[in-house]
Amino acid sequence: MIVPMKKVSLIILGDKKSETLKKLRELGLMHIEMTEGSGERINELKGQISMLENSVFSIEEKIKKNTEVKDITVEEALLAAREVTSLTEEKKAYQSEQIALNTELDRLKGWGDIDPEKFSYLAEKGIDISLYEIPKEEYEALGECVKTIKLEETKSSVKCLLIKSGTDGESEAVEAVKAHKMELPKMSTSEMREKVDSLNGCINSIDEKIISYAGYIAGMKNAVKVYEKEIEFEVYATGMTDEVLSSEGESNLSVAHFTGYIEAENLDCLKQAAESNSWGLVVEEPTEEDNVPTKLKNNKFVSLIYPLTDFLNVVPGYYEYDISGWFLAFILIFFGMIFGDGGYGLLITAVAAVPIVKSLASKKPVPSVFLLIGLFGLSTIIWGTLTCTWFGLTPEQLPQWLKGLSVPVISNVYADKIWYPFWTEGKVGLTTAQNLQIFCFLLALIQLLIAHVKCAVTNRKSLKVIGDIGAAIELVGMFYMVLSFVVSAEVFSFGLVINGIPVGTISIVFIAVGFLLSFVFANYEGSIVKSILSSLVNIVSVLLGIFNLFSDIVSYIRLWAVGLAGAAISATVNELAGPLFGNFMFMILAIVLLVFGHGLNMILNVLSVIVHGIRLNTLEFSSHLGMSWSGYKFKPFEE
C-alpha cells in the first residue's frame, strides 16, 4: 500500500533555522520539500566531497587486494584526501612532461642520437648544419649548389644533413625546401630518455605513496556521507523563505517557513515537537497539485520486489497504484518463461542459496535481493519442469520420471503432437507451440483484467466505473480475436458455436459493447454529455485504442518467442559440444564450450527479462491502470 501522507508547513523565527533543522533531523520523520539553497558553505562542502571521491578513485585504481581498514575521523579523512589530491596533481604534471618528451622522441625517431649542443658548437666554428627530410623528387632537384650528406633514403623521401656553404643559388634552393627542415630538440635524445626514466621513477614513487592511503578509503567514503548530510542541512537552511514582519513603533521580526510531508501516523509526534519548541504548524491534506513523495509499505514477501524496482528506479506516484504484489507475481512468471530452462533455474537457485545459507548461519538478516533471486530460480525450475526443458537436452536424453512431471499440452516431450479441442471433432488441432502462445495470451487477459478491475474499484462511486467495465468487456472480446488472428483462424473462427453458444459472434459483440461503454463513460466527470464530447474531441486516439488493445495482448507473445530463442541457443551449444565428448583430447574444449555457450545464453536471458519481462509490467499493465510511474521516494530528513 501507499502510506497516507499529510502536508505540513512549519513557521519559525528567522534566527532559529539551524536549531529547528537539527531537532527535525533528530526526529527523522519529515520529508522536507526541496528548496534552492545556496552559499559559500555549500560550494565548499561540494568541493570537499569532490576531492574525497576523486581521492578514493585514485587509490582504488591502484590497489589490487583488500587492505586493513583504518579507523579515522572525518578531519583525518579530509587531510588524507588533500595529500592524495596533491600527489595526484604532481603525478599529472610528471605524466604531462613525460608525454611531451615521448612525443619529441617519436618525432626524432630514425635520426639516431641527436645533441643540439654539438650543432651549436659547429655553428660557432662556422659550420652551419641542419637536419632535413625531403621528398625524393625535391631532393634530386636541389642541384650541386647545395651540399648534403645523405643519411637514409626510402622510396618517397631522403633524410639528410644540409651544410650551408654560401655558394650561388644555395639560398633559393634551401628556401624551396625549408618546410621540410627538422627542428632540433632543446636537449639531446639521450638526456630525454634519461629524463623519461627519471619521471617513471617519480611516478612509481607517487603511486606507492597513494597506495599507502588504501586503509583510508572507508573513512573517506564515510566523510562523503557526512558532508552530503551537511549539504542537505545547508540547502534547507539557506533555502527557507524569510519574511520580515514590521509594525509601527516596534522592532522588525524575521520569520522563516518551509513545507514538507509526513506519514499520517507520525503526525502526533510532530505536533508534540512543534508545541514543545514553539513552532507554528499548519497541517493540510495534500492535493493532486502537490508533488507528494511516495512511501510503500507491504508485507515481507511482497517487499522482496523492492530491490528490483529500486534498481529500475521506478516509483508510483502518490495518487497512482501500488502494484508491488502483482509486479512480483507476474515478474516471477515472466522470468521463468523467458529463461525457460529448469537446469538454468537450478543454477540460479544454487547461486542465491550460498549467501542465504551464510546469512542464516551467522544469524544475520538475509538480504532480500538474494531471496528474490532464489524465487526467480524456483520459478524457472517450475516452468522447466512443466515444459520438460533441462539444459537444452532433447526429451530422449532425459529420464522418464522427469518427462512424466511435465504438462503434456505444453511439454517438449509432445512437441510433434497435435492437440484437438473437443469442438473441432478431430478435424483441426493445435500444436504445442500454439498452446504456449495461448498461455501467453491468457496471461495477458488475466493481468490486463486485473488492471481494469482495480480501476473499477477505484471509480466504484462514480459512473466512470461503467467505462472501466466496458474496457474489461472489450478486452475479453479482443482476446478471442487475438486467438483467431494469431493462433488459429480455423480453431477459433468467428463462426464458432459451442453447445449452442455463438462464441465468435459474442466476442464481436463484446468488443462493440465494451467500446461503446468506454466511449460514453471513460471520461465521466459529473456529466455524460461532457464525457461523450471529450471522447469525440479525442476520437482519433479513442479509435486507435482498439488497435492498441489488440497489440497489448499480442505483445505477451514475446514471452514464448524469447523463451524459444533461448532454448534454440542452448540446444545449438549442446549440438556443437556433443561430438567433442567422443574424443578425450577434446573433452576440455567441449566443457569450455558448454560453460561459455550456456553462460552467454543466461546473460542474454537476463537482458531479455529486463527488456521484455519488465516492460509488460511497467508499460502494458501500467498503461491499462493509467500509471506513469511519476513518483519519487519519501526520504525523511534524518541523521
Side-chain angles (χ1 to χ4, degrees), residues 304-305 307-308 311 328-357 367-399 401-407 410-415 432-433 436 439-440 443 556-578 580-581 590-617:
L304 293 177
I305 195 63
L308 180 58
F311 171 74
L328 177 62
F330 282 102
I331 195 62
L332 287 174
I333 297 172
F334 299 159
F335 188 99
M337 292 180 68
I338 288 174
F339 265 76
D341 193 300
Y344 290 175
L346 289 173
L347 293 176
I348 295 169
T349 306
V351 169
V354 174
I356 291 174
V357 171
S368 55
V369 64
F370 296 119
L371 293 173
L372 180 62
I373 293 172
L375 286 176
F376 284 149
L378 290 175
S379 171
T380 309
I381 292 172
I382 292 171
W383 185 254
T385 302
L386 296 178
T387 58
C388 197
T389 308
W390 298 90
F391 291 115
L393 298 172
T394 62
E396 293 76 17
Q397 296 172 306
L398 297 171
W401 67 269
L402 202 55
K403 291 187 279 188
L405 294 174
S406 64
V407 176
I410 58 173
S411 173
N412 287 324
V413 179
Y414 306 96
T432 300
L436 285 168
F439 182 78
C440 292
L443 281 176
Y556 283 70
I557 202 172
R558 69 184 65 232
L559 299 171
W560 167 75
V562 175
L564 184 65
I569 292 173
S570 59
T572 301
V573 171
N574 292 343
E575 289 178 9
L576 292 173
L580 298 177
F581 279 101
I591 294 172
V592 171
L593 180 59
L594 285 174
V595 172
F596 175 78
H598 286 290
L600 179 61
N601 195 21
M602 291 183 73
I603 293 172
L604 293 174
N605 284 338
V606 171
L607 295 176
S608 296
V609 169
I610 294 174
V611 173
H612 301 291
I614 299 298
R615 172 202 164 100
L616 294 176
N617 275 304

Item to check | Aromatic plane relationship, Phe376 with Phe335 - under 30° parallel, 30 to 60° tilted, over 60° perpendicular | outcome: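 Parallel.
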
Can you see which heavy atom on [X] is nearest to which on [Y], and at what distance?
X: Ala567; Y: Ser570; answer: O-OG, 2.9 Å
X: Cys388; Y: Ser411; answer: CB-OG, 3.6 Å
X: Leu375; Y: Leu332; answer: CB-CD2, 3.7 Å
X: Thr385; Y: Leu405; answer: CG2-CB, 3.7 Å
X: Ile356; Y: Leu371; answer: CD1-CD2, 3.9 Å
X: Ile331; Y: Leu328; answer: CG2-O, 3.3 Å

Is there a donor-acceptor pair closer than 3.5 Å between any side-chain N or O of [X] and the backbone N or O of [Y]?
X: Thr572; Y: Ala568; result: yes
X: Asn601; Y: Ile569; result: no
X: Asn617; Y: Phe330; result: no

What's the separation between atom [atom1] in [X] and atom [atom2] in [Y], rounded to the nearest 0.5 Å?
X: Tyr414; Y: Ser406; atom1: OH; atom2: OG; value: 6.0 Å
X: Leu436; Y: Thr387; atom1: CG; atom2: OG1; value: 7.5 Å
X: Thr389; Y: Leu398; atom1: OG1; atom2: CG; value: 9.0 Å
X: Leu347; Y: His598; atom1: CG; atom2: NE2; value: 9.5 Å
X: Lys403; Y: Glu396; atom1: NZ; atom2: CD; value: 6.5 Å
X: Trp383; Y: Phe334; atom1: CH2; atom2: CZ; value: 11.5 Å

Checklist entry - Is there a side-chain contact (heavy atoms from CB on, under 4.5 Å) between Trp560 and Met337 once you walk through the steps? => result CA-CA 7 Å; Trp560 167 75; Met337 292 180 68; 5.6 Å; no

Any side-chain heavy atom of [X] within less than 4.5 Å of one from [Y]?
X: Trp390; Y: Ile381; answer: yes
X: Arg558; Y: Ile338; answer: no
X: Leu346; Y: Thr349; answer: no
X: Ile614; Y: Leu308; answer: yes
X: Val562; Y: Val611; answer: no

Checklist entry - Going through the distances and angles, do Ile348 and Val351 end up as a side-chain contact (heavy atoms from CB on, under 4.5 Å)? => result CA-CA 5 Å; Ile348 295 169; Val351 169; 5.8 Å; no

Checklist entry - Given the rule in the side-chain contact (heavy atoms from CB on, under 4.5 Å) test, do Val609 and Asn605 qualify, once you have shown the distances and angles that lead to the verdict? => result CA-CA 6 Å; Val609 169; Asn605 284 338; 5.6 Å; no

